[in-house]
Number of protein chains: 2
Amino acid sequence: MLFLMQVAVEIKQQIIDVADIRFRRYGFGKTTMWEIAKDCRMSAANLYRYFENKEEIGVEIALKCLHNKEEVGRAVLRRKDLNAEQRLKAFFLEILRYTHQLCEKDLHLFELVAFISEEHPEVVQGHQASLRSFIAEILAEGNRSGEFEVIDIVTTAATILFATVHFYYPPLVMMKNRGLAELEDAEDAVITLLVQGLTKR
Amino acid sequence: MLFLMQVAVEIKQQIIDVADIRFRRYGFGKTTMWEIAKDCRMSAANLYRYFENKEEIGVEIALKCLHNKEEVGRAVLRRKDLNAEQRLKAFFLEILRYTHQLCEKDLHLFELVAFISEEHPEVVQGHQASLRSFIAEILAEGNRSGEFEVIDIVTTAATILFATVHFYYPPLVMMKNRGLAELEDAEDAVITLLVQGLTKR
DNA sequence: CTAATAAATAATCAACAAAATATTCATTAT
DNA sequence: ATAATGAATATTTTGTTGATTATTTATTAG
């Protein structure tokens with residue numbers, strides 16, 4: 001592989017931007033390398049100086065997409081007006097809403113992310129790791145404020161991610177015969193239960 | 001549609017039985033109506049006196065399969081040696097193990113259930129309703145014993161089902177790069193968390 | 001009437017050719 | 001050297017045709 005100059009980074013970015021637009025509008029499969037190249041005013045062959053192959057372009061866009069989603073969650077972490085329980089609820093509510101509207105609006109992008117997630121497990125694993133670390137932050141803060149009493153924060157964050165898969169995993173979010181409102185109610189109920197537990201006090 | 005006599009019920013059962021064997025061994029798609037008919041010593045056309053179409057035979061078998069799974073859960077409800085938390089854990093552990101081994105051993109059956117679940121949401125909804133009612137029973141018992149303090153049992157059962165989808169939903173159970181042992185650990189952790197909650201006591 | 005069938009039709013699948021597309025390579029330009 | 005291209009090759013998709021299979025209909029048997 002080649003050593004790419006500084007300017008190459010900008011060209012890579014242009015390719016990603018151009019491909020993003022086409023992937024959203026027409027889908028990954030219906031977009032050709034030739035079309036992407038023409039949008040960048042270059043030959044198709046030249047694309048291969050910047051990306052291994054078409055799939056790698058898809059990976060970049062999927063990553064960008066998941067990164068945006070993470071930003072939505074991160075924004076909740078910065079809010080000052082919430083206690084730990086409220087923050088946990090708001091966190092998953094935002095993630096749920098973002099996931100839902102993304103998949104609803106951009107069906108093609110949903111398919112791309114699903115496809116890439118299938119072929120590149122490391123992509124989704126990285127995304128989950130981000131979500132886990134956000135949850136861990138919320139738990140730590142809950143411990144500090146005396147609201148929570150979580151011994152093993154890392155493990156508990158992983159457990160919470162397991163229990164909330166309905167709210168961030170696109171195939172479940174988009175499951176048939178179920179509206180966003182129902183999911184929002186379920187999200188509130190799940191977090192409430194996780195916070196309070198079943199045990200008599 | 002015809003009014004079927006008593007003997008017809010037995011013929012239907014025979015059709016289901018022979019189709020079950022072939023679907024397991026060769027899959028839904030690779031089994032022909034002619035083969036099913038020959039196994040029953042009848043013509044293919046005659047099958048249509050008992051089922052609308054091939055898919056309806058598949059539905060019956062998927063139902064049987066989910067029913068078996070429910071029986072595994074029901075068996076846990078009858079055990080006398082468990083408190084509510086242990087029962088909840090054992091319930092999902094059995095469901096998880098059954099789902100996993102079924103999908104692992106009988107790939108064809110897994111595909112059939114997945115396909116039917118896609119086309120006939122009412123099938124999976126019925127299954128979930130069964131699971132929910134089992135969970136509700138466990139919660140009620142936990143309330144009786146003073147172990148739990150659950151106000152709205154029905155809603156809480158639904159919430160628990162949401163949070164445990166990883167352990168009964170075949171596509172999640174069978175997700176790549178994850179062993180049964182990991183899932184069993186996660187199951188224990190999720191139930192423990194649901195029982196105890198995050199809140200400081 | 002019910003039970004069943006063979007024959008007819010409709011829908012789906014499989015194989016294969018043709019076309020489109022992805023990717024590589026040899027070459028040119030800077 | 002890096003950057004880019006057109007042409008060559010490899011892979012994938014698409015379209016078409018024949019064969020298989022699902023389903024319906026007309027008919028027969030009891």
Side-chain angles (χ1 to χ4, degrees), chain A residues 1-23 25-62 108 111-112 114-116 118-120, chain B residues 1-23 25-62 108 111-112 114-116 118-120:
Chain A
M1 195 45 194
L2 298 167
F3 180 75
L4 295 175
M5 303 286 93
Q6 184 55 38
V7 61
V9 174
E10 288 160 34
I11 297 178
K12 273 189 87 155
Q13 191 54 50
Q14 181 192 25
I15 294 170
I16 290 172
D17 291 342
V18 155
D20 186 293
I21 292 170
R22 285 201 176 262
F23 288 173
R25 193 168 301 168
Y26 309 109
F28 182 77
K30 293 290 185 192
T31 297
T32 71
M33 292 295 268
W34 186 84
E35 288 167 337
I36 296 171
K38 281 311 117 190
D39 288 350
C40 299
R41 301 159 199 256
M42 60 172 69
S43 67
N46 202 38
L47 291 173
Y48 291 85
R49 291 178 44 73
Y50 301 93
F51 293 94
E52 275 304 311
N53 49 41
K54 187 180 177 183
E55 194 168 308
E56 205 184 273
I57 302 178
V59 169
E60 290 298 324
I61 291 171
H108 290 314
E111 284 162 1
L112 173 63
F115 169 66
I116 296 295
E118 192 67 23
E119 312 289 312
H120 297 264
Chain B
M1 196 43 195
L2 298 168
F3 180 74
L4 294 175
M5 303 284 94
Q6 183 53 41
V7 62
V9 174
E10 289 160 33
I11 296 178
K12 273 190 88 154
Q13 190 54 50
Q14 183 193 25
I15 294 169
I16 291 172
D17 290 342
V18 306
D20 184 296
I21 292 171
R22 285 201 178 264
F23 287 173
R25 195 167 302 170
Y26 309 109
F28 182 77
K30 291 290 184 192
T31 297
T32 71
M33 292 296 267
W34 185 85
E35 288 167 336
I36 296 171
K38 282 311 118 190
D39 289 348
C40 299
R41 301 161 200 257
M42 61 172 67
S43 67
N46 203 37
L47 292 173
Y48 291 85
R49 291 178 45 72
Y50 301 94
F51 293 93
E52 276 301 313
N53 49 40
K54 188 181 176 182
E55 194 168 308
E56 205 183 275
I57 302 177
V59 168
E60 290 298 324
I61 291 170
H108 288 314
E111 284 163 1
L112 174 63
F115 169 65
I116 296 295
E118 192 68 23
E119 312 290 312
H120 297 262

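Every chain is numbered from 1 and lettered A, B, ... according to where its sequence line falls, protein lines coming before strand lines.
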Quiz item: Looking at B:Y48 and B:E52, what are the two nearest heavy atoms and their distance?
Solution: CD2-O, 3.3 Å

If you define the side chain from C-beta out and look only at heavy atoms, does anything of [X] sit under 4.5 Å from [Y]?
X: B:W34; Y: B:K38; value: yes
X: A:V59; Y: A:E119; value: no
X: A:F28; Y: A:I61; value: no

Quiz item: Base, sugar-phosphate, or nothing: which does A:T32 touch, judged by heavy atoms less than 4.0 Å apart?
Solution: sugar-phosphate

Would you indicate which nucleotide in [options] comes nearest to any side-chain atom of [X]?
X: A:N46; options: D:dT23, C:dA22, D:dA4; answer: D:dA4
X: A:Y48; options: C:dA4, D:dT23, C:dT24; answer: C:dT24
X: B:R49; options: C:dA4, D:dT24, C:dA14; answer: C:dA4
X: B:A45; options: C:dT23, D:dT23, D:dT24; answer: D:dT24
X: B:Y50; options: D:dT23, C:dA6, C:dA3; answer: C:dA3

Starting at [atom1] of [X] and ending at [atom2] of [N], how long is that distance when rounded to a whole Å?
X: B:F28; N: D:dT21; atom1: CZ; atom2: P; answer: 14 Å
X: B:E35; N: D:dT20; atom1: CD; atom2: P; answer: 13 Å
X: A:L47; N: C:dT24; atom1: CG; atom2: C1'; answer: 13 Å
X: B:M33; N: C:dT5; atom1: CE; atom2: P; answer: 14 Å
X: A:K38; N: D:dG6; atom1: NZ; atom2: C1'; answer: 11 Å
X: A:E52; N: D:dT11; atom1: CD; atom2: C1'; answer: 17 Å
X: A:W34; N: C:dT21; atom1: CH2; atom2: P; answer: 10 Å
X: A:I36; N: C:dT23; atom1: CD1; atom2: C1'; answer: 13 Å

Practice problem: On DNA chain D, check which nucleotide each of A:A44 and B:G29 is closest to and give me the residue with the more 5' one. | Solution: A:A44

Quiz item: Is the phosphate of C:dA14, meaning OP1 or OP2, less than 4.0 Å from a side-chain N or O of B:K30?
Solution: yes

Quiz prompt | Working for side-chain contact (heavy atoms from CB on, under 4.5 Å), residues A:M42 and A:I11 | solution = CA-CA 11 Å; A:M42 60 172 69; A:I11 297 178; 3.8 Å; yes

